[in-house]
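Hydrogens, waters and symmetry mates play no part in the numbers below; they use all other heavy atoms, side chains included.
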Amino acid sequence: MRQTIKTQGKQKIERVKSIAFSDSVLFITKDDSIENFGVLCGIMSIFQEAAIQRGAPTKGAISYGRFTADFEKSIFYGQPLIDAYLLQDELYYYGIIADNNVQAFLGQNDKIETSEVDHYFLWTETPLKRGMVNHLNIKLDSLTEDQLNDLYNHVSGSVRKYVDNTIKMYELMNKK
């Protein structure tokens, strides 16, 4: 999926690129601008909700830092890739969380309003495999109870804990 946001003359500006390999999807912003970060957060929310709606939920993490991406040669490396992989592996619900590098980026950037962060993220205790830990979570807000409950039809046994935790997180994210 390529996200084009605005055009300058006839040239489109790509803000986020993606690539799928094995069982992973990698989203990469063109640079570390606030605008591209906002686009990335929006894409992550839409992607996660669409996956759940189609009965193929995912889990993931967002990291920040120096990263090399050569799409023509399929070369991708950098500490953010490692950090995001390790953090998503700990996640115990179908959702997307941000790591400490993203928190530092948000905290050091004067252009980001608290309301913008609150629009995309919820800071809350997050179910990880070894317990609850506070993290920023990408909000899910366009799902229905039926879509979430339908996830039970795709899993059995201990994996249903992911569904239980996802429903609890969704309810927490959407308290009125």
Verify side-chain contact (heavy atoms from CB on, under 4.5 Å) between V102 and D99, making sure each step is shown before the conclusion.
-> CA-CA 6 Å; V102 172; D99 76 356; 3.7 Å; yes
Donor-acceptor pair, S45 side chain versus C41 backbone, under 3.5 Å?
-> no
Y120 versus G42, closest heavy-atom pair with distance = CE2-N, 3.6 Å
With rounding to the nearest 0.5 Å, note down the distance linking NZ in K175 to CG in L122.
-> 9.5 Å
With ring centroids as reference points, do F37 and Y64 lie under 6.0 angstrom apart?
-> no
Would you name the heavy atoms of Q48 and L140 that are closest together and state the gap between them?
-> CG-CD2, 3.5 Å
Please round to the nearest 0.5 Å and tell me the distance separating atom CE of M44 and atom OG of S18.
-> 10.0 Å
Would you please test D141 and E49 for side-chain contact (heavy atoms from CB on, under 4.5 Å) and show each step?
-> CA-CA 8 Å; D141 57 13; E49 289 178 353; 3.4 Å; yes
Step through it carefully: locate the ring centre of F67, locate the ring centre of Y77, and say whether they are under 6.0 Å apart.
-> no
Gap separating the CG atom of L128 from the CG atom of D89, nearest 0.5 angstrom | 10.5 Å
How many angstroms lie between atom CG of N174 and atom NZ of K139, to the nearest 0.5 angstrom?
-> 8.5 Å
Do T58 side-chain atoms and A56 backbone N/O form a donor-acceptor pair below 3.5 Å?
-> no
Have D150 and N153 got a donor and an acceptor in their side chains that come within less than 3.5 Å?
-> yes
Per side chain to side chain contact (heavy atoms under 4.5 Å, CB included), I167 is matched among N165, V163, D164 by V163
Distance-only side-chain donor-acceptor flag, N137 / Y93, under 3.5 Å | yes
Using a 4.5 Å cut-off on heavy atoms from C-beta on, say whether the side chain of T166 contacts that of P57.
-> no
Do the side chains of L143 and I96 join up, straight or via other hydrophobic residues, at under 4.5 Å, putting them in one cluster?
-> no
Do the side chain of Q147 and the main chain of I52 share a donor and acceptor less than 3.5 angstrom apart?
-> no
Polar side-chain atom of R15 near backbone of V39 as donor-acceptor pair, under 3.5 Å = no
Grab the two heavy atoms, one from K59 and one from L91, that are nearest each other, plus how far apart they are.
-> NZ-O, 3.2 Å
Hey, what do you get for NZ (K161) to NZ (K129), rounding to the nearest 0.5 Å?
-> 14.0 Å
Path from F105 to L87 over hydrophobic side-chain contacts below 4.5 Å = no
Picking from L86, L26, I28, what satisfies side chain to side chain contact (heavy atoms under 4.5 Å, CB included) with L81?
-> L26
To the nearest 0.5 Å, atom CG of N134 lies from atom CD of Q103 at 9.0 Å
Answer with yes or no whether the hydrophobic clustering places I97 together with Y170; edges join I, L, V, M, F, W, Y residues whose side-chain heavy atoms lie under 4.5 Å apart.
-> yes
Any donor-acceptor pair under 3.5 Å linking the side chain of H135 with the backbone of E125?
-> no
Is the closest side-chain heavy-atom distance between M132 and T126 below 4.5 Å?
-> no
Would the F27 and F47 ring centres measure less than 6.0 Å apart?
-> yes
Test item: Q88 side-chain N/O and Y85 main-chain N/O as donor-acceptor pair under 3.5 Å | yes
Got a sec: does the NZ of K73 have more than 12 other heavy atoms crowding it under 6.0 Å?
-> no
Of all heavy-atom pairs linking A61 and A84, the shortest is CB-O, 3.4 Å
According to a 4.5 Å side-chain heavy-atom criterion applied to Ile, Leu, Val, Met, Phe, Trp and Tyr, with indirect links allowed, do Y162 and M173 form part of one hydrophobic cluster?
-> yes
Is it possible for you to say whether Y152 and M169 belong to one hydrophobic cluster, with membership spreading through side-chain heavy-atom contacts below 4.5 Å?
-> yes
Answer yes if the side chains of N36 and D31 hold a donor-acceptor pair under 3.5 Å, and no otherwise.
-> yes
4.5 Å side-chain heavy-atom contact, I138 and F121 = yes
Would you kindly check if the NZ (Lys) or CZ (Arg) of K17 is within the cone defined by 45 degrees around the ring axis of F71 and under 6.0 Å from the six-membered ring centre?
-> yes
Between Q79 and D83, is any side-chain donor less than 3.5 angstrom from a side-chain acceptor?
-> yes
